[in-house]
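In each ligand, atom 1 is the first atom listed, and ligand 1 is the first ligand listed.
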Amino acid sequence: MPNRLDPAIGIFLKAKADEAFNKNDFVVALSLYTFIINNDPGNGIHHLNRSLTNLRLQRWSDATKDATKALELCEEKVHKAKAHFRRCQARRELYDISGANEDLEAFLLNGGAPKTASVEAQKLKAAPRSVNEIVLEDVTDVADLFSNTLDLADNTPDAVYEIRPSSGKGLGAFAVKRLQRGDLILAENPIVPVDDPTPYNIVKGFKQLSPKNLARCLLLHNAHPEIGLFEGIYNTNAFSQAGVVLDVARFNHSCSPNARYSYHEPSKQERIFALTDIAEGEQIYVSYLQSRNVYASPRSKRRQTLSSRYDFCCQCTACDDANFEESDRRRQEIGMIWESLPMMIDGRKILMSVVRAITLMREDGYFGDGDDFAVDAAAICAGYSDWASCEYWAKFAYENRAAEFGADHPHAERSRQILDKPRSRENHPQAGLFPGRTFRDIRLPRRM
Ligand SMILES: C[S@@+](CC[C@H](N)C(=O)[O-])C[C@H]1O[C@@H](n2cnc3c(N)ncnc32)[C@H](O)[C@@H]1O
């Protein structure tokens with residue numbers, strides 16, 4: 001069976017697994033050995049190591065299976081002796097005393113130490129032959145032995161979401177309580193921060209991880225196994241300058257998302273904010289595509305970008321909708337408005353177009369980025385000295401940015417400054433450029 005791991009990476013991963021084992025961090029070691037075995041299944045030594053790890057975790061059945069696999073794959077006597085001894089111990093715990101005795105004999109035949117064998121032989125003599133022979137207080141231990149102890153997550157007790165399977169999309173994040181637009185869903189520091197994500201820096205970032213964090217990263221989805229393990233994981237899961245952020249990496253994409261990423265440079269945290277109200281149990285989606293690439297692009301273009309960057313065909317509500325052509329028409333019109341705005345000279349036309357673009361976005365279930373247009377609208381109104389309208393659009397921009405990025409985000413703070421001094425020339429160098437006019441009749445149809 002082929003080894004899919006680059007040899008240098010294989011050696012690195014094994015060293016990290018051994019490090020975890022030596023620190024008695026057996027859950028992490030098991031996770032790392034499992035990853036190595038899944039990618040290099042023909043190497044018996046990995047099974048031998050995992051067999052011992054399973055013994056430490058009292059996972060007797062899995063320890064037996066690994067020892068059996070190691071016996072099949074290892075040629076050297078020293079490895080065979082180890083595999084027999086590990087299987088002997090596991091079989092003893094599984095009440096298979098005759099099988100354990102056979103392994104003990106094979107251990108000696110393969111050069112195992114007689115002293116070790118005689119200690120084990122004593123244990124085998126004293127071991128119960130069946131579950132019925134265990135005294136009552138041990139029964140609890142037996143139940144514990146088979147419980148699942150393999151959780152690598154650091155659970156946040158007050159998290160408003162949980163990570164669980166999402167039909168057809170691997171894992172996903174789901175609201176555990178009702179959320180409102182503007183609610184902060186998470187704020188998390190990156191596990192692999194990479195300021196300048198060159199291939200070299202990405203590998204360096206992964207190599208600095210603790211065994212536990214490495215094990216967690218290796219569990220993330222990799223849409224690009226062809227470009228190298230660490231680069232593949234990085235490119236599938238890093239969505240901003242923050243780098244790879246563990247829980248953030250479990251949020252699936254939608255072209256009509258109900259939440260959005262917001263990278264907060266001052267704290268170097270990736271945050272997610274609710275874009276809409278979200279019901280308890282509903283899946284929380286972000287958009288992997290930014291601004292015009294999502295709200296002004298048709299399904300074919302969005303799917304093409306997502307497929308080439310993340311290797312999936314988008315199955316979101318916008319893409320899967322039978323009426324996707326109607327959605328395409330809306331998004332294409334938004335794109336045309338965006339492109340034609342800089343060429344427009346009439347203030348009224350510009351504002352009508354802004355209203356139309358935001359209305360189309362909302363009609364299409366897209367509740368972010370209204371500020372992209374509102375900021376231009378505020379500037380135009382200042383140009384015509386229509387300060388009431390300027391304030392209306394500046395307020396819209398600020399409120400949307402505060403809800404979508406957080407009020408302390410530099411984006412929102414910039415809007416706040418404009419709102420604080422809406423009539424200042426400093427904020428609006430174009431103020432009074434055109435003859436005075438009023439656009440008070442041009443507003444969004446309702447609160448959007
Ligand atoms: C960053 S991961 C998101 C979490 C991932 N579902 C997991 O199990 O770890 C990106 C991957 O999730 C899946 N995915 C995300 N959004 C999807 C969507 N709208 N349609 C289909 N698959 C999606 C794809 O496999 C994609 O490559």
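A donor-acceptor contact under 3.5 angstrom links the side chains of Thr68 and Arg87, judged on distance only.
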Side chain to side chain contact (heavy atoms under 4.5 Å, CB included) between Arg299 and Asp321: does it pass, once the steps are laid out? CA-CA 10 Å; Arg299 178 176 86 161; Asp321 190 347; over 6 Å; no
For ring pair (Phe, Tyr, Trp, His ring centres under 6.0 Å), just list the numbers for Tyr33 and Phe21, CA-CA rounded to whole Å, side-chain angles, deciding distance to a tenth of an Å, and then say yes or no. CA-CA 10 Å; Tyr33 287 132; Phe21 184 91; 7.1 Å; no
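With a 6.0 Å radius and a threshold of 12 heavy atoms from other residues, nucleotides or ligands, Met344 has its CE atom above the threshold.
Not less than 6.0 angstrom separates the ring centroid of Phe373 from the ring centroid of Trp393.
Among protein residues, Lys169, Gly170, Leu171, His221, Thr236, Asn237, Phe239, Ala249, Arg250, Phe251, Asn252, His253, Tyr288, Tyr310, Phe312, Cys313, Cys314, Gln315 come within 4.0 Å of ligand 1, judged on heavy atoms.
The side-chain hydrogen bond (donor to acceptor under 3.5 Å, both in side chains) check on Arg401 picks up Asp371, Ser415, with sequence neighbours excluded.
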